[in-house]
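For ligands, and for the atoms within them, numbers begin at 1 and follow the listed sequence.
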Amino acid sequence: MKIVDCGTDFVHSWVIQNRNLTVLVDTGYAEDWPNFLSRMQAADIEVSALNYLFLTHAHDDHAGFVNEVMQMAPALKVLASKKALSGLRRGQNGPGGGVPDDNAAAVCRQMVRDGHGRHRFPTIAEEQLARFLWIEDVAIGGILPGAAVLALPGHTADSIGLLWDGALFCGDAAQNRPDWPMKTTIWIGDADTYRDSWRTMIDAQPERIYPGHGAPFDASDLEQDWPALAGLKLNPSIKEKK
Ligand SMILES: [Zn+2]
């Protein structure tokens with residue numbers, strides 16, 4: 001298995017080459033498309049060679065250039081949760097939730113300053129949605145041999161992770177920032193299901209976790225943070241701009 005990051009400093013676009021398949025995990029913000037193209041070129045991987053896009057959840061910083069990827073790779077199918085459908089049609093992150101700590105609040109404020117406060121992204125047209133394979137409807141092992149999909153709700157209801165030959169691509173179910181005390185992500189929709197999803201990831205015993213944001217890390221880091229997660233309280237003070 002070869003794993004290359006074709007994303008930005010902020011959000012990863014993991015490209016996996018494994019078992020004769022090439023799979024992209026998440027895109028980025030809509031404006032990250034040119035960066036993605038140059039990173040793919042540098043990695044010597046054709047966009048048209050991508051077999052699947054695994055979308056961990058329908059958020060603006062992960063689903064921003066799905067249309068472009070689908071256009072350039074006409075045979076590509078997208079793997080996502082059916083629960084992502086409303087967000088993909090709306091082109092905006094879902095409401096609700098809060099930040100787990102002050103560090104996360106600071107990043108959210110920065111997003112607003114960067115012009116991402118409305119959390120909008122290009123909608124996916126119905127003819128493109130026809131090329132989506134909903135993980136609730138398919139047997140993932142028949143598509144990506146040896147792979148499993150983990151339901152990881154909490155950050156969002158539609159959050160899913162891809163566990164493939166020991167590597168877990170967890171989207172925003174966890175995040176790794178070197179200066180942060182915990183691997184919690186910056187926005188949590190529901191604290192209880194978020195906590196349960198950490199247990200799901202720990203119990204799946206991945207060899208390495210590849211988050212949407214930050215460097216890869218070991219599952220033992222989640223185990224270490226697990227006791228503190230019991231006291232997780234969300235601060236909804238950062239309101240989304242409509
Ligand atoms: Zn997210």
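- Salt-bridge formation is detected for the pair Asp218/Arg208: a Lys NZ or Arg NE/NH1/NH2 atom is positioned less than 4.0 Å from an Asp or Glu carboxylate oxygen.
- Without hydrogens or angle criteria, Asp26 side chain to Thr56 main chain gives a donor-acceptor distance under 3.5 Å.
- The aromatic rings of His155 and His59 lie perpendicular to each other, with more than 60° between the two planes, well past the 30° mark.
- Of all protein atoms, those that are N, O or S and lie under 2.8 Å from the Zn ion (ligand 1) total 4.
- Aromatic rings of His57 and His62 (six-membered ring for Trp) have centroids within the 6.0 Å cut-off, being under it.
- Between Tyr29 and Phe10, the angle of the ring planes stays under 30°, which puts this pair in the parallel group of the 30/60° scheme.
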If you look only at distance, which donor and acceptor atoms sit under 3.5 Å apart when one is on a side chain in residues 135-142 and the other is two or more places apart or in another chain?
residue: Glu136; atom: OE1; partner: Lys82; partner atom: N; Å: 2.9
residue: Glu136; atom: OE2; partner: Ser81; partner atom: OG; Å: 2.7
residue: Glu136; atom: OE2; partner: Lys82; partner atom: N; Å: 3.2
residue: Asp137; atom: OD1; partner: Lys82; partner atom: NZ; Å: 2.9
residue: Asp137; atom: OD2; partner: Lys82; partner atom: NZ; Å: 3.4

